[in-house]
Amino acid sequence: MNAGVKNDDRETIADVSTEEFVRVMVTNSLSPLRVVEAFHDLVKPRGTIGVMSSGQGSVTNNVNGNYEVYRGSKAALNMFMRSFAARHANDPRTLLLMAPGWVRTDMGGPEASLSIEESIPNLLDTMEAYEGRSGLYYLDYLGRVVPW
Ligand SMILES: NC(=O)c1ccc[n+]([C@@H]2O[C@H](COP(=O)([O-])OP(=O)(O)OC[C@H]3O[C@@H](n4cnc5c(N)ncnc54)[C@H](OP(=O)(O)O)[C@@H]3O)[C@@H](O)[C@H]2O)c1
């Protein structure tokens, strides 16, 4: 599950419109879980369900408060995946929340530190390294555990 959106970087929770807040939350938090809930049974029993989160979804690492609407949507995504994992505690499938780093895409912009080639092949290697492990893991593109 990779789709995601962000709001204007300059908008804080104090000034974001309700409509924009709902758009970001529905796209980044609710919709991925709708897909996971609807299709997880179709994934092979030892297969992997990977969801693109973000390092910004870490509550622990939020020391500057930037991008707070987007951050909140990814933190909520992480929380919903934890609930999904808890409700499927005996499921052998691997559940991954991935943080790709800051990547030069339409969303990341031209100033981002990583090219797609520097991020995504490593992210895929990390996903493959976790194949066959049951449970939920929050990892970055270099395989480092991200604090919740
Ligand atoms: N770039 C970064 O630095 C960065 C960092 C951390 C996490 N991420 C996450 O990585 C994922 C991919 O982001 P990106 O950087 O590749 O952004 P992007 O270039 O803006 O691409 C976002 C993708 O999501 C799709 N999408 C958005 N809303 C959708 C909807 N309602 N229904 C279906 N598809 C929708 C878009 O489809 P259309 O083109 O058809 O609109 C597009 O393919 C996102 O979840 C993002 O939050 C990105």
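The first residue in the sequence is number 1, and the count goes up from there. We count ligands from 1, going down the list as the structure has it; atoms in each ligand are counted the same way. Below, each value reflects all heavy atoms present in this structure, side chains not excepted, and no hydrogens, waters or symmetry copies.
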Specify whether the nearest protein heavy atom to [atom] is under 4.0 angstrom away.
atom	result
atom 35 (C) of ligand 1	yes
atom 43 (O) of ligand 1	no
atom 26 (N) of ligand 1	yes

Protein contact of [atom] - nearest heavy atom, named by residue and atom, plus distance:
atom	result
atom 30 (C) of ligand 1	Thr27 CG2, 4.4 Å
atom 2 (C) of ligand 1	Val103 N, 3.6 Å
atom 1 (N) of ligand 1	Thr105 OG1, 3.1 Å
atom 47 (O) of ligand 1	Tyr70 OH, 2.6 Å
atom 33 (C) of ligand 1	Ala3 CB, 4.3 Å
atom 45 (O) of ligand 1	Asn2 O, 2.8 Å

Give yes or no for whether the N/O distance cutoff of 3.5 Å, strictly under, is met between Pro100 and ligand 1.
-> no
When only distance counts, is Trp102 in polar contact with ligand 1, meaning an N/O pair under 3.5 Å?
->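 No, there is no polar N/O contact under 3.5 Å.
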With respect to [atom], which of [options] exhibits the smallest heavy-atom separation?
atom	options	value
atom 20 (O) of ligand 1	Met52, Arg104, Met107	Met107
atom 5 (C) of ligand 1	Gly101, Ser54, Gly108	Gly101
atom 7 (C) of ligand 1	Ser53, Ala99, Gly4, Ser31	Ser53

Is there side-chain contact between Arg104 and Glu118, with heavy atoms separated by less than 4.5 Å?
->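 A side-chain contact exists here, since the closest heavy-atom pair is under 4.5 Å.
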Atoms in ligand 1 with a heavy atom of Asp106 nearer than 4.0 Å |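 Counting atoms of ligand 1 from 1, those under 4.0 Å from Asp106 are 19 (O), 20 (O).
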Numbered atoms and elements of ligand 1 in range of Val5, under 4.0 angstrom, heavy atoms |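 Those qualifying, in numeric order: 27 (C), 28 (N).
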Thinking salt bridges, do Arg87 and Glu37 make one under a 4.0 Å N-O criterion?
->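 Answer for the salt bridge query: yes.
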Would you mind checking if Glu20 and Arg23 are paired as a salt bridge, meaning a charged N to carboxylate O distance below 4.0 Å?
->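 Looking at Glu20 together with Arg23, the answer is yes, because their closest N to O distance falls below 4.0 Å.
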Is there a path of hydrophobic side-chain contacts, each under 4.5 Å between heavy atoms of I, L, V, M, F, W or Y residues, that connects Phe84 with Met1?
-> yes
Check whether any side-chain N or O of Asn28 sits under 3.5 Å from a backbone N or O of Val5 as a donor-acceptor pair, and report yes or no.
-> yes
More than 12 non-hydrogen atoms from neighbouring residues, nucleotides or ligands closer than 6.0 Å to CZ on Phe21, yes or no?
-> no
